[in-house]
Amino acid sequence: MGSLRRLTCSISLSVALAALALVPSISDALKDGDCEVCVSFLGRFYQSLQDNNVKFTSADIEKALVKTCKDAKGKENRFCYYIGGTHDAATKILNEISKPLSYHTPVDKICEKLKKKDSQICELKYDKQLDLSTVDLKKLKVKELKKILEVWGESCKGCAEKSDFIRKINELMPKYAPNAAKARREL
């Protein structure tokens with residue numbers, strides 16, 4: 001009778017330990033602001049799959065992800081590079097996204113798993129956005145002015161002076177930031 005009780009306790013302890021192993025540790029869970037680019041990008045991607053009635057098969061999701069990555073810019077392009085969604089990527093872990101998405105796994109859980117595979121994925125953060133309607137362009141650094149043009153997909157060929165970049169931004173603002181351009185005219 002005593003050995004049966006020890007065996008039952010031993011089995012219960014083993015089951016409890018196995019259950020604890022399945023519960024993610026507190027350090028595994030994403031903190032607020034972690035994986036900012038991953039969660040945002042995959043959240044929008046998941047919504048686009050639903051909006052476009054894409055079949056939730058791993059292959060269809062992967063194909064749509066590669067197509068979405070072709071248009072990605074900035075930090076989102078870097079994210080696509082890390083997961084293998086760009087043509088020049090060194091690794092491919094697209095299945096780490098497409099398979100869980102096919103089961104409608106929440107994107108934050110997918111990003112948690114990606115963080116374990118490649119911590120760089122969760123280190124990506126969006127650049128702080130400038131309010132073009134109120135910012136004094138003359139007080140920005142040339143690097144920041146170039147970044148504005150880069151985000152718009154433009155460049156300033158032949159620009160040598162800070163004033164050249166400011167002129168180019170003011171010239172293109174109605175096209176890329178019409179509300180900011182309008183607000184600046186009203187000031």
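Positions are given from 1, in the same order as the sequence printed here.
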Donor-acceptor side-chain pairing of [X] and [Y] below 3.5 angstrom:
X	Y	answer
D131	T134	yes
S40	R44	yes
S98	N95	no

[X] and [Y]: which non-hydrogen atoms are nearest, and at how many Å?
X	Y	value
F79	F41	CE2-CD2, 3.4 Å
K162	L137	CE-O, 4.2 Å
L149	K168	CD2-CG, 4.0 Å
C38	L114	SG-CD1, 3.9 Å
S133	A183	CB-CB, 3.6 Å
D127	K75	OD1-CE, 3.5 Å

Using 0.5 Å steps for rounding, measure from the [atom1] atom of [X] to the [atom2] atom of [Y].
X	Y	atom1	atom2	result
F45	E76	CZ	CD	12.5 Å
C80	K70	SG	NZ	12.0 Å
L94	I97	CG	CD1	6.5 Å
D136	L130	CG	CG	11.5 Å
I110	I83	CD1	CD1	10.5 Å
D108	C35	CG	SG	9.5 Å

Can you tell me if [X] uses its side chain to pair, donor with acceptor, with the backbone of [Y] under 3.5 Å?
X	Y	answer
S102	S58	no
T105	L101	no
N52	V54	no
R184	L132	yes

Can a salt bridge be assigned to the pair [X] and [Y] using a cut-off of 4.0 Å between side-chain N and carboxylate O?
X	Y	answer
E123	K115	no
K117	E96	yes
E144	K147	no

For [X], does the [atom1] atom sit with more than 12 other heavy atoms under 6.0 Å from it, leaving out its own atoms?
X	atom1	answer
K63	NZ	no
H104	NE2	yes
E161	CD	no

> So, C122 with C111, SGs under 2.5 angstrom?
Replying inline: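 Answer is no: C111 does not pair with C122 in a disulfide.
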Would you say [Y] ends up clustered with [X] if hydrophobic residues are merged whenever their side chains have heavy atoms under 4.5 Å apart, either directly or through other cluster members?
X	Y	value
L145	V135	yes
L140	Y126	no
L124	L65	yes

>> With a 6.0 Å cut-off on the ring centroids, do Y46 and F56 count as close?
In response: yes
>> With side-chain hydrogen bond (donor to acceptor under 3.5 Å, both in side chains) as the criterion, how do D51 and S48 come out once you've worked through the C-alpha distance, each side chain's angles and the decisive distance to 0.1 Å?
In response: CA-CA 5 Å; D51 293 347; S48 75; over 6 Å; no
> Is the closest side-chain heavy-atom distance between K175 and E154 below 4.5 Å?
Replying inline: yes
